[in-house]
A.B. asks: 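The structure's right below; bear with me while I get my questions together.
Chain identifiers are assigned alphabetically (A, B, ...) following the order of the sequence lines, protein sequences preceding nucleic acid strands; residue numbering begins at 1 within each chain. Just so it is clear, the model here is predicted, and its values are computed rather than measured.
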There are 2 protein chains.
Amino acid sequence: MTNRRDARTADRILDAAERLVQTRGFNAFSYADVSKAVGIQKASLHHHFATKTDLGLALVARYRRGFLEALRSIEAGSGEAVERLARYVELYGSVLRQKRMCMCGMLAADVATLPKAMRQSVASFFAENEAWLARVLDEGKLRGEIRFDGSAVSMADFFVSSLEGAMLVARGSGKLEHFDAVGRHLLAGVRGARARPRRRPG
Amino acid sequence: MTNRRDARTADRILDAAERLVQTRGFNAFSYADVSKAVGIQKASLHHHFATKTDLGLALVARYRRGFLEALRSIEAGSGEAVERLARYVELYGSVLRQKRMCMCGMLAADVATLPKAMRQSVASFFAENEAWLARVLDEGKLRGEIRFDGSAVSMADFFVSSLEGAMLVARGSGKLEHFDAVGRHLLAGVRGARARPRRRPG
DNA sequence: GTCTATAGGCAGATAGAC
DNA sequence: GTCTATCTGCCTATAGAC
């Protein structure tokens, strides 16, 4: 039902809205902002996304798909758990370098004001995310590539919390470089036993 | 210039606005919301805080004072570093149990839309916070009460990031209990060497 | 210090022409 | 699919009486 031109416009709307949500939050951007960014009238936006809730749901759905795809591509690479985790950390780092917050981290802050369906989709993002991480952590531990105490699931939660928080605090404190320090700390924590840096492999 | 009654009203306004900011964010509450909560007309609010920016600045200033006071009271207690850190974690936990986000964590999400003066005050919150934590970590390490790799400052950043993120993700995923798991993980990480739980002290 | 009334602007959303 | 025009409601903020 949507021809090529329509699909392209919808995507451009999603691109603009995504950037706005990730930098300003769901309540701090308007159809007027998207209108300016895309070069289309406000009313026309409603043709593609009838309500702001519809737009929000489409944004989160697309973001989740994109994130899952990125996770799959991480698994397509090296099988070493530490490398996979490093690429996972970099997934967040690349978002921050665009001066954006993780979309679902941002929406987590806005959660009290979101339509219920959006809240559920945001919760699913975290669930999917943590499930993938827990699997990678578990496999890595079984292969002896990484070490950690407690369950893989709780370690996965810890990773996600620390990375989301590192993005948040980096933005709030104005020191984006702090994200990388947190990322390195997180990886060091699973790499060896309380790693003092080693000159050469064990 | 402000009599007792005035001061009390200003405090009640700050209390209501604080709750709203911590649950909804700075852009998602209005003078109308505060008006309802306090039981005073919207226009009267402007007598106490002429603009929303003024209100926001007063909120962050008060929050910073309160937080620093809480930090001082933590230092008044036991000198054991682990206990101080546990009480520090609990400072965040008690906020989350009220279904609130750390005010400055919330404002960190809103940072792109905040007046510059508010942004600076939010950045100062994180700086003060991390300076205090770094001192506690440093002293604890010197006394041999805790262990960690890297500088006290980077460990302090890691603590703050993880705790802010744990609050954010707990709210976003709807699983408030995940905060406590992160808090425990953080404390376990400094308590001993890759601590398997010990039955009795060393 | 608090009130009523209102200004002026922007929000999300709709109607209907093209 | 995009446009112009418009609606209704809420926003921050101000004026001025009491």
Side-chain angles (χ1 to χ4, degrees), chain A residues 1-21 23-60 106-107 110 112-119, chain B residues 1-21 23-60 106-107 110 112-119:
Chain A
M1 286 302 150
T2 50
N3 63 25
R4 243 165 278 164
R5 190 180 311 239
D6 185 28
R8 244 183 281 144
T9 302
D11 283 342
R12 286 170 56 219
I13 293 169
L14 289 170
D15 289 341
E18 181 174 276
R19 205 197 102 257
L20 286 161
V21 170
T23 50
R24 304 172 59 90
F26 192 70
N27 298 302
F29 87 96
S30 68
Y31 271 42
D33 296 324
V34 178
S35 165
K36 269 175 236 159
V38 176
I40 198 180
Q41 292 303 310
K42 271 197 303 173
S44 308
L45 298 174
H46 287 279
H47 172 75
H48 299 276
F49 303 98
T51 68
K52 201 182 179 186
T53 296
D54 292 332
L55 174 55
L57 285 169
L59 282 171
V60 182
M106 185 63 95
L107 294 176
D110 294 333
T113 65
L114 296 181
K116 188 191 274 189
M118 280 187 72
R119 266 204 304 269
Chain B
M1 285 303 150
T2 49
N3 63 26
R4 245 165 277 165
R5 189 180 314 233
D6 185 28
R8 243 182 281 143
T9 302
D11 283 342
R12 286 170 57 220
I13 293 169
L14 288 170
D15 290 342
E18 180 173 278
R19 205 197 102 258
L20 287 161
V21 169
T23 50
R24 303 172 59 91
F26 192 69
N27 298 303
F29 88 95
S30 68
Y31 271 43
D33 296 323
V34 178
S35 165
K36 270 176 233 158
V38 176
I40 198 179
Q41 291 304 309
K42 274 195 297 174
S44 308
L45 299 175
H46 287 279
H47 172 76
H48 299 277
F49 302 97
T51 69
K52 202 182 178 186
T53 297
D54 292 333
L55 175 55
L57 285 169
L59 282 172
V60 182
M106 185 62 94
L107 294 177
D110 295 333
T113 64
L114 295 182
K116 188 192 275 188
M118 280 187 73
R119 264 202 308 267

A.B. asks: Partners of B:T51 by side-chain hydrogen bond (donor to acceptor under 3.5 Å, both in side chains), sequence neighbours excluded?
C.D. replies: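 Partners of B:T51 under the side-chain hydrogen bond (donor to acceptor under 3.5 Å, both in side chains) test: B:D54.
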A.B. asks: One character per nucleotide, please: for nucleotides 3-16 of chain D, 5' to 3', B when the base has a protein heavy atom closer than 4.0 Å, S when only the sugar-phosphate does, - otherwise.
C.D. replies: BBB-----SBBBB-
A.B. asks: When the distance from NE2 of A:H47 to P of C:dA15 is rounded to whole Å, what number comes out?
C.D. replies: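 After rounding, the reported distance stands at 15 Å.
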A.B. asks: Would you check if the side chain of A:D110 reaches a backbone N or O of A:F26 as a donor-acceptor pair within less than 3.5 Å?
C.D. replies: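 The answer is yes, because a donor-acceptor pair under 3.5 Å joins these two groups.
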A.B. asks: Whole angstrom is fine here: how far is it from CG in B:N27 over to P in C:dC10?
C.D. replies: 16 Å
A.B. asks: Run the side-chain contact (heavy atoms from CB on, under 4.5 Å) check on A:F49 and A:L59 step by step: do they pass?
C.D. replies: CA-CA 11 Å; A:F49 303 98; A:L59 282 171; over 6 Å; no
A.B. asks: Main chain of A:F29, side chain of A:R24: is a donor-acceptor contact present, judged purely on distance under 3.5 Å?
C.D. replies: no
A.B. asks: Name all residues meeting the side-chain hydrogen bond (donor to acceptor under 3.5 Å, both in side chains) criterion together with B:T53; count only those two or more places apart in sequence or in a different chain, and write none if there are none.
C.D. replies: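 With sequence neighbours excluded, B:T53 shows a side-chain hydrogen bond (donor to acceptor under 3.5 Å, both in side chains) to no residue whatsoever.
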